[in-house]
Each structure stands twice: as C-alpha cells, then as structure tokens.
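Input: a single structure, listed below in structure tokens.
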Amino acid sequence: MRLVLDECMPRQIGRLLPGHEVATVQRLGAAGMKNGQLLSWLGGKCDLFVTTDRGMARQQHLADRPFAVAQLQAPSNRLVDLAPLIPVLEAMIIGVRPGQVLVVRTPVDERRDS
C-alpha cells in the first residue's frame with residue numbers, strides 16, 4: 001500500500017510500516033501546502049494519507065477522495081506516542097476504501113495515565 005505521512009508526523013513512522021511504500025509530504029515536495037490543496041494534490045499519489053490533524057475530517061470533504069485518510073490520535077505527535085498506534089493502524093487498513101476516514105486510537109486498556 002502507498003502511504004503518505006503528513007508533515008506533522010515524524011518521518012521515523014515510515015520505518016515502523018515495513019511492507020508499505022511510505023513517503024512524506026516533505027519528500028514529495030508538498031511541504032507547506034494548505035490541507036485542501038494538499039489533499040487535491042495527493043490524488044493518485046497514495047492509497048492512504050496518515051495525519052494527526054484532528055480537524056481535517058471536519059474541515060475537508062474526504063468522501064470523494066481517491067485515497068483513504070487515517071487520523072492518528074495520541075497525546076502528542078512524538079514518535080513515542082504514535083508508535084503504539086501503528087499495530088492498530090495496520091489492522092485497520094486491511095480492506096480500507098478510498099474516501100474512508102479511519103480514526104486510530106490506542107485501545108482504552110493500553111492508554112498510559114496522563
């Protein structure tokens with residue numbers, strides 16, 4: 001699966017996703033684009049766009065996009081907080097469809113105390 005990591009994501013996440021073709025917004029030359037422009041630009045470049053931006057699903061129309069969007073919800077966008085979500089993401093992307101929005105959270109019993 002072709003994945004693109006939003007610029008708010010640590011690029012090291014790509015190493016946690018073996019078996020997938022992982023690129024970053026920065027590596028693709030799209031750093032600094034506004035969400036709407038970026039989402040239009042990504043058409044045909046990925047199967048799944050991965051972000052921590054919690055407002056994207058509310059602010060952008062995603063249902064007609066030619067790719068799915070995964071929103072990772074963690075206490076921060078640091079690798080230490082996002083890494084535990086990768087197995088959950090891997091399980092959720094099986095059979096994902098274009099236009100689908102996945103909200104990826106750590107199961108309640110695995111969340112650390114804040």
Side-chain angles (χ1 to χ4, degrees):
M1 181 174 282
R2 298 173 304 155
L3 283 69
V4 173
L5 304 178
D6 198 355
E7 61 187 305
C8 58
M9 304 278 303
R11 68 179 182 275
Q12 298 90 338
I13 289 288
R15 289 188 225 137
L16 302 177
L17 293 159
H20 298 284
E21 181 183 322
V22 181
T24 63
V25 167
Q26 295 92 321
R27 193 173 84 204
L28 294 174
M33 282 188 188
K34 300 281 186 190
N35 284 343
Q37 180 186 13
L38 175 63
L39 292 170
S40 294
W41 184 83
L42 282 173
K45 294 178 177 63
C46 68
D47 303 305
L48 181 69
F49 178 62
V50 184
T51 186
T52 58
D53 184 342
R54 292 182 185 218
M56 187 171 291
R58 282 190 320 273
Q59 298 165 357
Q60 303 295 325
H61 183 70
L62 302 174
D64 295 330
R65 300 289 176 181
F67 53 87
V69 175
Q71 178 199 65
L72 277 58
Q73 293 187 352
S76 78
N77 64 346
R78 296 178 320 153
L79 184 61
V80 68
D81 288 325
L82 294 173
L85 299 178
I86 298 307
V88 179
L89 173 65
E90 288 270 34
M92 292 178 78
I93 62 176
I94 296 169
V96 70
R97 296 177 318 276
Q100 192 172 0
V101 177
L102 306 173
V103 177
V104 184
R105 299 181 185 101
T106 304
V108 174
D109 56 326
E110 295 181 20
R111 290 187 187 157
R112 64 184 176 146
D113 294 331
S114 299

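Remember, it's a predicted structure, so these values are computed and weren't measured experimentally.
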Restricting to non-hydrogen atoms, name the atom on Arg27 and the atom on Val22 that form the minimum distance, rounded to 0.1 Å. NH2-O, 3.3 Å

State the CZ-CG distance between Arg11 and Leu79, to the nearest 0.5 angstrom. 11.0 Å

Does Glu21, at its CD atom, have more than 12 non-hydrogen atoms belonging to other residues, nucleotides or ligands within less than 6.0 Å? no

Hey, any chance Leu3 and Ile13 share a hydrophobic cluster, counting ILVMFWY side chains that come within less than 4.5 Å of each other, even indirectly? yes

Is there a side-chain contact between Ile86 and Leu17, using heavy atoms and a 4.5 Å cut-off? yes

Quick one: do Val88 and Val101 end up in the same hydrophobic cluster if we chain Ile, Leu, Val, Met, Phe, Trp and Tyr together by side-chain heavy atoms under 4.5 Å apart? no

Is the closest side-chain heavy-atom distance between Asp47 and Val96 below 4.5 Å? no

To the nearest 0.5 Å, atom CZ of Arg78 lies from atom OG1 of Thr52 at 13.0 Å

Heavy-atom closest pair (Met92 atom, Val103 atom, distance to 0.1 Å) is CE-O, 3.4 Å

For Leu38 and Phe49, work out which heavy atoms get closest and say how close. CD2-CZ, 3.8 Å

Across all chains, not counting sequence neighbours, the side-chain hydrogen bond (donor to acceptor under 3.5 Å, both in side chains) partners of Thr24 are none

Answer yes if Ile93 and Val50 sit in the same cluster of Ile, Leu, Val, Met, Phe, Trp and Tyr residues linked by side chain heavy atoms under 4.5 Å apart, and no otherwise. yes

Nearest-0.5 Å distance that lies between atom CZ in Arg105 and atom CG in Leu89: 14.0 Å

Nearest 0.5 Å, what's the CG-CG distance between Leu82 and Leu16? 9.5 Å

Identify the two heavy atoms, one from Trp41 and one from Leu28, that lie closest to each other, and give their separation to 0.1 Å. CH2-O, 3.4 Å

Restricting to non-hydrogen atoms, name the atom on Leu72 and the atom on Met9 that form the minimum distance, rounded to 0.1 Å. CD2-CE, 3.9 Å

According to a hydrophobic-cluster definition based on side-chain heavy atoms being under 4.5 Å apart (Ile, Leu, Val, Met, Phe, Trp, Tyr only), do Met1 and Leu5 belong together? yes

Are Phe67 and Met56 connected in a single hydrophobic cluster, I mean Ile/Leu/Val/Met/Phe/Trp/Tyr linked by side-chain heavy atoms less than 4.5 Å apart? yes

Salt bridge (charged side-chain N to carboxylate O under 4.0 Å, His left out): pairs with one or both residues in residues 48-67, sequence neighbours excluded: none

Does any part of the side chain of His20, heavy atoms only, come nearer than 4.5 Å to the side chain of Leu48, both counted from C-beta? no

Shortest non-hydrogen contact from Asp81 toward Ala74: O-CB, 3.6 Å

